[in-house]
Amino acid sequence: MHELTPGSPSLRALFPALHQEVNGHPLLYFDNAATTHKPTFVIRAITDFYEKDNSNVHRGLHELSARATASFEAARQRIGSFISAPNPDGVIFTRGATEAINLVASAWANSVLQPGDRILLTAMEHHSNIVPWQLLANRARLSIAFAPLTPEGRLDFDELDQLLAPPTRLFAFTHISNVLGTVNPAEKICALAHSRGIATLVDAAQSCGHFPLDMEALNCDFLVLSGHKMCGPTGIGVLAIHPRRFGQISPWQGGGEMIERVTFEGSTYKSLPHLLEAGTPPIASAIALAVACDFLDSIGRDAIRQHDEKLAMLALDLFSRIEGMEIIGPRNSRAGVVSFTLTDVHPHDVVEVANRFGLALRGGHHCAQPLMRVLAKPSTARASFYLYTTEDEVHRTAEILAQVRKFFN
Amino acid sequence: MHELTPGSPSLRALFPALHQEVNGHPLLYFDNAATTHKPTFVIRAITDFYEKDNSNVHRGLHELSARATASFEAARQRIGSFISAPNPDGVIFTRGATEAINLVASAWANSVLQPGDRILLTAMEHHSNIVPWQLLANRARLSIAFAPLTPEGRLDFDELDQLLAPPTRLFAFTHISNVLGTVNPAEKICALAHSRGIATLVDAAQSCGHFPLDMEALNCDFLVLSGHKMCGPTGIGVLAIHPRRFGQISPWQGGGEMIERVTFEGSTYKSLPHLLEAGTPPIASAIALAVACDFLDSIGRDAIRQHDEKLAMLALDLFSRIEGMEIIGPRNSRAGVVSFTLTDVHPHDVVEVANRFGLALRGGHHCAQPLMRVLAKPSTARASFYLYTTEDEVHRTAEILAQVRKFFN
Amino acid sequence: MELEELYQSIILEHSRRPRNKGPLEGATHTAVGNNPACGDEIAVQVRLGPTGIVEAAQFTGQGCAISQAAASLFTIKLKGKTQEEACKLIRQFIEMVKGLPEEEDRSGKPSGEMLFGDLAAFAGVRKFPQRVKCATLAPNAFYEIFAGHRSENA
Amino acid sequence: MELEELYQSIILEHSRRPRNKGPLEGATHTAVGNNPACGDEIAVQVRLGPTGIVEAAQFTGQGCAISQAAASLFTIKLKGKTQEEACKLIRQFIEMVKGLPEEEDRSGKPSGEMLFGDLAAFAGVRKFPQRVKCATLAPNAFYEIFAGHRSENA
Ligand SMILES: Cc1ncc(COP(=O)(O)O)c(C=O)c1O
Ligand SMILES: Cc1ncc(COP(=O)(O)O)c(C=O)c1O
């Protein structure tokens, strides 16, 4: 696969879902921040599992079970290496990024944080990195603060510096905003928090498929991935736990796989990663996610990142020529997510009309209602790119947006 | 598909994984209680989703998102009809049966049960229906009791009658034992519990792919299914909640999809089913599970049940002729799960040698250590059947077990 | 499916220049409609006369063309109606945009008053199921006022 | 992969007639090995002499042929050894059944004492990775006694 470059026809040929018409136009899929399409390799890995190795894991001595277990555990290793996790035992398979964050709230923060402690979030978080903490804060009498943003939509580092202090015990923040396209300097932030004894959770849902990720370098305590946003299946995600937190993890869900010994009176538990993986896991999806890692590394995450940024800059340039266009978020060094509004046209209507031209945009609050309130907009439209997006598609999108403009004038 | 009968070659042809050799012998897959194989329709449903409709659900107005949402919600309806759920809004997608039980413990029992209340389980439960309750009981100061068994391995109804009384508030029991093959009379039990104001949870992990299930008739409060044990994918399961409990459900995991409104200060939540489905769900797997329901209904669950029972009776007959064979569980009206031990041969060694002949058995405690202690056996070997198992395969299995016997003599 | 089926000219016109938008002097009742999918919120207000007739209806809040136009048109249509008439009109409207209950008749023809009125412009919404919530946002809120409870959530 | 590679005759023989099985009179140390995957549990006991030499070793508990044979053979092999020698032997054994660390040499040849002794019968286990836990259940428990802590969990 080595000669595949982002946006090239040979790369696009690997994604079956791209090659279809919507309302008589070729599909322009610009909703990659919601979920990405899957290359044939990933789809084939799922099929292969069910056609050949299908079996439950960990519990069996027979051939199929041995094969399934070996592939599943190899997937854990592969994902550990993909993010340079310090120890693959800290790589936990979850349903997605949302569940991974809830897991940290229940199995770590719930027992480690004390009443009065503060959890710091940012004003640009996805609901998945807000609501689990609100539920926990209510239960455990913690407080929550939100680090504010600069007018351009970046973290305000002066304010952040103030907030990274007692009673803050945990800073959970997104690597890339799914609305603003802002890229937060995660390594620098984690270093600062760490120097002040504050634990960190990096929500890498938006970066895991787009950016090189190195957990050793980040030195965060928890790292959260979303499989379906990185060419993997739906229903799989990852929580990576830094070994310095292994001893602080309580049992989470109970059931098969996570126990050592069960009696009528009580139970003892296995160590990580099994402690946090009760029940039959999404075996095929975990194996397919490892194939997605192989695929992304064969393209090169640096190349993907550059491709995203180039498209974002092109979109900023082309879109801003449209009358009444307001683009949200930083003007430079940003990810491939471009949110915008058109004066006097509601985002729902933008998306509806775009769809008639085969263009898949997203409109709404993007699961970031608090940010919307900061931006003083009930909603925005959003175009988000990925490694298969072409410059030509961005040009066509700009033309369609101009037609949307016309339709409502 | 209407002329397909259980065990027929045309039905077996639909399961790709069955047609392979293991150690030079045709695979004899007798580990169906751990997980079942998947028919081409189900595998194809996953592929189709990723090749055509792939998109996130609920959040989008564009064509792909509308299609994905419609298929996902249709899957919920289909699964609701498969189990005659009183209201499809109570059909919640989970990772599996284990997660479904944990969900009930956290989002219902944790707030509804009071210190001192008792949870009743049985001595034949899977760890997944024990450990979540032990974790909860510790947190919430509840007690747990285990309904005992008769020597034959059925529930002791005299004892059960006594235990279905204050302070018991919830009776959580398995429909079919994954070790004994015992079929519990779930409808009768739920009626008795209900008449005494005791809530019921039926763990249908072992019955959902084998038996007709009618939640209206069962009249249980919670019903739990495991997708991968009913021809569906791994990583998907179902919790069905009776509408009379809708008002007692608290938020569980927090995140996107489950909220109505999020502010810096706090959040309000959607109603069921969305309340309990935070984050991107396993979309493809849910859709494929609905296809598994169609498939099972096209064969007929009564036909599957009869086929299972016929094979179990054949196995009981053939196996018991082997020297030193001890068969565990009821002699009649049982499910297609046959556990056994061979004198002086450890189950691990039975399974290992069987595997050399292509026979996939399971050996161990089957995630039912408390039951093993009641049976006074550290472990057993187990053969479990399904709709593609043939009588000839059962005969070959009996021959292989005779060879195992010889090997260790 | 053509765009013009959804965005009828009367809808576009009302969304560009909504009538009766702004707080209502001397309002007797207020209700809020909220679409969690997009975060849109519309507040509706009415002033009921001593005999229970709608003397005036207004609305505030942002939303898409469909929800704004529906709000605007209803503020006009409701004026002078009894509460019972208002409820009936809203129920008919909701039935229309959700599609008729009878599977046979999917011709898209609205019934009763709406056959002839401006509200018929919303008949196309039934072909865009994701927009039903938009069309019914304000009507549902009005219904809450007149029926004393929220109507079936569209 | 032939069954005989795993179930060497000496293993079958020891599993059928395990030596030194039963509680040990005057034991100075006891440790328990537990395999959560199958629920098997083996307790091992030793009597250390005044100079730290293993005077006797016995075991109790159920398990598969592999774990029983390993327990039985080790009770014999450990007798007369210093604690240091015992630790070394166990480490060598564990390395053997897990496969050599050097990727180049996968010939399956055991090293040192085991090259020639009965323990060499366990060399085939490396081809059955799921059985490594069985072979090391008792040795690991013995190691816990001699090293004062649990050895790396096989
Ligand atoms: C920043 C961010 N965090 C978390 C999530 C939730 O991820 P998942 O869908 O895997 O639960 C998303 C995606 O919706 C996201 O964009
Ligand atoms: C009776 C019973 N309950 C629960 C489970 C757990 O199901 P799942 O693998 O879907 O979590 C199983 C299967 O292992 C089972 O046999």
Side-chain angles (χ1 to χ4, degrees), chain A residues 16-17 22 31 34-35 37-38 43 46-47 50-52 54-56 59-64 95-96 98-99 102 127-128 130-132 134-135 146 228 233-235 251 253-256 259 261-264 266-267 278-280 282-285 348 351-352 355 360-363 367 369-370, chain B residues 16-17 22 31 34-35 37-38 43 46-47 50-52 54-56 59-64 95-96 98-99 102 127-128 130-132 134-135 146 228 233-235 251 253-256 259 261-264 266-267 278-280 282-285 348 351-352 355 360-363 367 369-370:
Chain A
V22 165
D31 196 15
T35 200
H37 287 305
K38 324 302 173 198
I43 303 172
I46 300 173
T47 314
Y50 289 126
E51 292 186 351
K52 291 178 195 144
N54 176 58
S55 199
N56 214 323
R59 303 185 203 165
L61 284 172
H62 62 76
E63 170 80 11
L64 264 56
R95 176 172 30 251
T98 302
E99 183 174 58
N102 280 276
H127 292 164
S128 292
I130 300 176
V131 186
Q134 290 180 334
L135 290 169
F146 291 85
H228 68 92
T234 54
Q253 300 190 347
I259 58 88
R261 180 199 281 254
V262 178
T263 70
F264 288 139
S267 301
T280 304
I283 307 171
S285 302
H348 260 198
V351 174
E352 186 78 66
N355 185 51
L361 297 177
R362 187 139 300 223
C367 296
Q369 288 180 1
Chain B
V22 165
D31 195 16
T35 201
H37 287 305
K38 324 301 173 200
I43 302 172
I46 300 173
T47 313
Y50 289 127
E51 291 186 352
K52 291 175 195 145
N54 177 59
S55 197
N56 214 323
R59 303 185 203 166
L61 284 173
H62 61 78
E63 171 79 12
L64 265 56
R95 176 171 31 249
T98 302
E99 183 173 58
N102 280 276
H127 292 163
S128 292
I130 299 175
V131 186
Q134 290 180 334
L135 290 169
F146 291 84
H228 67 92
T234 54
Q253 299 189 349
I259 58 88
R261 180 201 282 256
V262 178
T263 70
F264 288 139
S267 302
T280 304
I283 306 170
S285 301
H348 259 199
V351 174
E352 186 78 66
N355 185 51
L361 298 176
R362 186 140 303 221
C367 296
Q369 289 180 1

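In what follows, chains are A, B, ... by sequence order, proteins preceding strands, each numbered from 1.
Comparing A:Glu352, A:Lys52, A:Arg362, A:His228 by heavy-atom pairs within less than 4.5 Å of chain B, the highest count is held by A:Arg362. When the candidates A:Pro370, A:Ser55, A:Ala278 are compared by the number of heavy-atom contacts under 4.5 Å with chain B, A:Pro370 comes out ahead. In terms of heavy-atom pairs under 4.5 angstrom with chain B, the leader among A:Ile130, A:Leu361, A:Thr280 is A:Thr280. The choice from B:Gly96, B:Gly363, B:Gly266 that makes the most heavy-atom pairs within less than 4.5 Å of chain A is B:Gly266. When A:Cys367, A:Ala360, A:Pro233 are compared by the number of non-hydrogen pairs under 4.5 Å with chain B, A:Ala360 comes out ahead.
When all heavy atoms of B:Gly254 and A:Pro132 are compared, the closest pair comes out as O-CG, 3.3 Å. Nearest heavy atoms, B:Gly256 versus A:Ser128: N-OG, 3.3 Å. In terms of heavy atoms, A:Asn102 sits closest to B:Gln253 at OD1-CA, 3.2 Å. Between A:Val131 and B:Val262 the shortest heavy-atom distance is CG2-CG2, 4.0 Å. Across all their heavy atoms, A:Tyr50 and B:Ile46 have their closest contact at CE1-CD1, 3.8 Å.
With a threshold of 4.5 angstrom between heavy atoms, A:Ile283 approaches chain B through its backbone and through its side chain. At a 4.5 Å heavy-atom cutoff, the contact between B:His37 and chain A is made by backbone and side-chain atoms alike. The contact between B:Phe264 and chain A is made by backbone and side chain atoms together, counting heavy-atom distances below 4.5 Å. Looking at B:Glu51, both its backbone and its side chain come within 4.5 Å of chain A, counting heavy atoms on both sides.
The structure places CG of B:Leu64 at 9.0 Å from CG of A:Asp31, a figure rounded to the nearest 0.5 Å. Between the CG atom in A:Asn54 and the CD1 atom in B:Ile43 there is a gap of 8.0 Å [rounded to 0.5 Å]. Remark: B:Arg95 CZ to A:Ser285 OG distance equals 11.0 Å, nearest 0.5 Å. Atoms CD1 and CD, on B:Ile259 and A:Gln369 in that order, are 4.5 Å from each other to the nearest 0.5 Å. If you take NZ on B:Lys38 and OG1 on A:Thr47, they are separated by 13.5 Å, rounding to the nearest 0.5 Å.
Between the side chain of A:Thr98 and the backbone N or O of B:Gly255 there is no donor-acceptor pair closer than 3.5 Å.
Side chains of B:Leu61 and A:Asn355 form no contact here, defined as non-hydrogen atoms less than 4.5 Å apart.
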